[in-house]
Amino acid sequence: MSRPLVSFHDLRPGADDLAADVLAGFSRAQKSIPPKYFYDAEGSRLFDAITRLPEYYPTRTETALLREYADEIAQKAGTGHLLVEPGSGSCTKARILFEGLQPCAYVPMDIAGDHLHVAAQEVAVDFPWLEVHATCIDFTRLMTLPPDTPEGRRLAFFPGSSIGNFDPDAAVGFLGMIADMVGPGGQLLIGVDLKKDKAVLEAAYDDARGVTAAFNLNLLTRINRELGADFDLAQWRHKALYNEAQGRIEMHLVSRVAQLVSLQGRTFRFAAGETIHTENSYKYSVAEFRELASRAGFATDTVWVDADRLFSLHLLQTGNAHAT
Ligand code: AVJ
């Protein structure tokens, strides 16, 4: 037998929180489900399909930026870091950086354990010189590094505009967690989707093939399966809209009719047209994001933007002393 290629750490709290989170979300006037629950096996597969859609520009634009500026990023950021990626998914984007950054180790973190394990194994096969410490964790609550990670200057990588899932104040809190994790003089390379034309934004979240609709509706399939609920999927539809005042895309599941749904021994009533809010995806100008990051103690080193001004990549640095 060969030794395992990656070290795998499960740092999830014992019990699943889906039931508690759904019951809490359904007790509010605007019912909601936290977007982290999109990513079961089917949801992860559908998200990968979304990233290849013609309307969904963020992935290909960010990937092109990473490819074009990989050398420049390594020049600015330096080499030999401990590279930590919260929400690593398929680890596709980090692969673009490995050669230039020459990290001393890679720590992919994701809540989807099986998907993470497979993706980390593939990285280890393709980059045999790279130490990989896969960590299954809900990084929105905890960013503990596994015990056997090497010492070294830390660079966090948070691509995909996942920061857009947080409300701005929560984003500052989350960036603060990253700042604490990387420590004084630590860095963060983060991808942030830019504000732009409403029609372009809305098409990206409501594609012609209905992949995003399937991704959104899969939440109900998951809740039926894992919580024994009786959502009738034919009675729900996907909706995405750009809320210009808030600067965010909102995704909702719309109840097509007045209906009752039972879940964990409770019954929930939905009016015709009532929605379950499933995701926010905030968009920022370069200046707005810079300001947000500074509230978390990060200063901007360099910003890269594509020629069409669709997407931005910020290299940020924490101060040497504690920022205010
Ligand atoms: C993974 C949160 C960045 O907001 O663009 C894509 C998720 N939802 N299509 C995004 C998503 C619907 C995505 N993030």
Side-chain angles (χ1 to χ4, degrees), residues 32-40 42-63 65-66 85-94 108-112 115-116 119 138-140 156-168 170-171 174-175 178 188-198 200-222 237-243 246-254 275-284 289 292 306 310-314:
S32 63
I33 303 169
K36 67 180 177 189
Y37 293 114
F38 280 129
Y39 303 94
D40 63 356
E42 176 66 0
S44 298
R45 190 191 69 76
L46 285 166
F47 182 71
D48 279 351
I50 287 173
T51 65
R52 292 188 295 270
L53 291 170
E55 296 96 332
Y56 195 76
Y57 61 85
T59 309
R60 64 169 178 274
T61 309
E62 184 180 47
T63 300
L65 283 172
L66 289 167
E85 183 178 7
S88 49
S90 305
C91 307
T92 313
K93 291 167 188 165
M109 295 180 160
D110 212 290
I111 194 168
H115 196 63
L116 169 70
D138 178 357
F139 66 84
T140 61
F157 181 44
F158 199 54
S161 204
S162 297
I163 194 67
N165 268 177
F166 298 91
D167 290 347
F174 178 72
L175 291 173
I178 295 185
L188 167 63
L189 181 65
I190 184 168
V192 184
D193 196 12
L194 293 169
K195 283 189 168 153
K196 64 183 63 64
D197 185 72
K198 187 181 166 92
V200 175
L201 284 168
E202 287 183 347
Y205 293 85
D206 194 5
D207 60 280
R209 275 187 261 172
V211 181
T212 309
F215 174 73
N216 200 6
L217 287 158
N218 179 57
L219 268 176
L220 302 183
T221 306
R222 177 174 188 180
R237 67 177 177 84
H238 165 69
K239 180 179 165 187
L241 62 101
Y242 184 55
N243 179 334
Q246 303 275 356
R248 70 189 192 203
I249 283 280
E250 295 180 10
M251 294 212 315
H252 295 261
L253 290 162
V254 185
T275 74
I276 303 172
H277 187 183
T278 53
E279 185 168 47
N280 286 326
S281 190
Y282 282 83
K283 312 300 172 187
Y284 296 98
F289 189 75
L292 194 84
D306 60 292
L310 293 173
F311 202 89
S312 63
L313 204 56
H314 293 242

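We count ligands from 1, going down the list as the structure has it; atoms in each ligand are counted the same way. The first residue in the sequence is number 1, and the count goes up from there.
With sequence neighbours left out, Ser44 forms a side-chain hydrogen bond (donor to acceptor under 3.5 Å, both in side chains) with no residue at all.
By the neighbour-count criterion of 12 heavy atoms within 6.0 Å, atom NZ of Lys36 is densely surrounded, having more than that number from other residues, nucleotides or ligands.
When side chains are defined from C-beta on, Pro54 counts as touching Arg209, because their heavy atoms get closer than 4.5 Å. The side-chain heavy atoms of Phe38 and Asn218, taken from C-beta on, include no pair separated by under 4.5 Å. Residues Leu310 and Leu194 fail the side-chain proximity criterion, which asks for heavy atoms closer than 4.5 Å. Considering only heavy atoms from C-beta on, Tyr284 stays 4.5 Å or farther from Ser312 through its side chain.
Each of the following atoms of ligand 1 lies closer than 4.0 Å to a heavy atom of Phe47: 1 (C), 6 (C), 7 (C), 11 (C), 13 (C). Against a heavy-atom cut-off of under 4.0 Å, Met251 is close to the following atoms of ligand 1: 12 (C). Numbered from 1 in the order shown, with element, the atoms of ligand 1 that lie under 4.0 Å from a heavy atom of Asn165 read 2 (C). Residue-ligand proximity, Ser161 to ligand 1, at heavy-atom distances under 4.0 Å covers atoms 3 (C).
Using modelled atom types, one finds no donor on one side chain facing an acceptor on the other under 3.5 Å when comparing Asp193 with Ser281.
Residue Pro58 places no heavy atom under 4.0 Å from ligand 1.
Checking Phe215, Tyr56, Phe166 against atom 5 (O) of ligand 1, the nearest heavy atom belongs to Tyr56.
Not one N or O of Lys283 is nearer than 3.5 Å to an N or O of ligand 1, by distance alone. Residue Tyr39 places no N or O, backbone or side chain, under 3.5 Å from any N or O of ligand 1. For ligand 1, the polar-atom distance check finds no N/O of Thr212 at less than 3.5 Å from any of the ligand's N/O atoms.
Among all protein heavy atoms, the one lying closest to atom 11 (C) of ligand 1 is Glu279 OE1, 3.5 Å. Among protein heavy atoms, atom 4 (O) of ligand 1 sits closest to Ser281 OG, 2.7 Å. Protein heavy atom nearest atom 3 (C) of ligand 1, with residue, atom name and distance: Gly160 O, 2.8 Å.
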Steps toward ring pair (Phe, Tyr, Trp, His ring centres under 6.0 Å) verdict (Tyr57, Phe311)
CA-CA 9 Å; Tyr57 61 85; Phe311 202 89; 7.5 Å; no
